[in-house]
Amino acid sequence: MSKKILLITGDAVEALEVYYPYFRVLEEGYEAVIASPKKKVLKTVVHDFEGWDTYTEKPGYQLESHLSFEEVDPAEYDGLIIPGGRAPEYIRLDPSIPRILTHFFETNKPVGAICHAVLVLSALKNNTYFEGRTLTAYTACRPDVEQLGATYAADTLHVDGNIVSGHAWPDLPGFMREFLALVKK
């Protein structure tokens with residue numbers, strides 16, 4: 001039976017951080033399902049490092065989500081990927097997010113969190129999933145990692161148990177290699 005991977009995101013998701021994992025999962029022969037607050041065509045963004053003190057943002061491609069967060073039955077999935085961009089800052093407010101996340105942490109299924117995805121993890125009321133663990137994220141999200149009770153890793157890629165975390169889109173090759181290795185176990 002083929003594996004099934006859930007990607008949770010919304011408008012203003014970083015284009016590479018959703019497309020690269022989506023296509024990589026499909027390439028692996030698994031089913032990739034994109035969920036968002038409402039089933040719709042999402043607007044992606046492109047972040048780049050162009051000499052500013054922070055990244056720049058430009059409009060990206062459009063991407064259709066397959067279902068709404070409310071429709072997600074997390075028990076159907078073998079892994080979860082949370083892309084970054086600005087989507088995490090508002091999708092964490094959706095009432096279905098804690099239910100979805102809790103399932104993956106309670107069952108110890110692989111969770112991939114890249115860039116600003118740590119903001120979504122903050123939707124959980126139970127931080128015990130992160131105590132004593134080490135995660136990485138985009139540098140500006142270090143306080144968010146520490147708020148979870150985790151230790152921030154300066155490495156651009158980190159694996160701790162069932163969590164694969166990465167800084168940003170340049171880390172996607174290693175991020176997906178490690179995430180898929182966990183899914184295959």
Practice task
Mark yes when over 12 heavy atoms from residues, nucleotides or ligands other than Glu71 sit less than 6.0 Å from its CD; otherwise mark no.
Solution key: yes

Exercise for the section: Kindly say whether Leu80 contributes a backbone atom to a donor-acceptor pair with the side chain of Lys109 at under 3.5 angstrom? Expected result: no

Practice task
Give a yes or no answer on whether the side chain of Ser65 reaches the backbone of Gly10 with a donor-acceptor pair at less than 3.5 Å.
Solution key: no

Practice task
Could you tell me which residues satisfy ring-ring contact (aromatic ring centres under 6.0 Å, His included) with Tyr55, sequence neighbours excluded, listed by chain and number?
Solution key: His47, His116, Tyr138

Exercise for the section: Report yes or no: does Ser165 contribute a side-chain atom to a donor-acceptor pair with the main-chain N or O of Thr136 at less than 3.5 Å? Expected result: yes

Fill in the blank from the handout: Sorted by chain and residue number, the salt bridge (charged side-chain N to carboxylate O under 4.0 Å, His left out) partners of Glu146 (sequence neighbours excluded) come out as Arg142

Exercise for the section: Check whether any side-chain N or O of Glu17 sits under 3.5 Å from a backbone N or O of Gly84 as a donor-acceptor pair, and report yes or no. Expected result: yes

Handout entry: Arg133 vs Asn162 side-chain heavy atoms within contact, under 4.5 Å
Key = yes

Problem - For Phe105, ring-ring contact (aromatic ring centres under 6.0 Å, His included) partners two or more places apart - result: Tyr129, Phe130

Handout entry: Joint hydrophobic cluster, Phe179 plus Tyr20, side-chain heavy atoms closer than 4.5 Å
Key = yes

Handout entry: Within 6.0 angstrom of Tyr90 OH, more than 12 heavy atoms from elsewhere
Key = yes

Handout entry: Glu57, CD: over 12 other non-hydrogen atoms inside 6.0 angstrom
Key = yes

Handout entry: Ser122 side chain to Leu119 backbone, donor-acceptor under 3.5 Å
Key = yes

Handout entry: NZ (Lys4) with more than 12 external heavy atoms under 6.0 Å
Key = yes

Problem - Linked, directly or transitively: Leu135 and Val159 (ILVMFWY side chains, under 4.5 Å) - result: no

Practice task
Check whether more than 12 heavy atoms from other residues, nucleotides or ligands sit under 6.0 Å from atom NZ of Lys58, and answer yes or no.
Solution key: yes

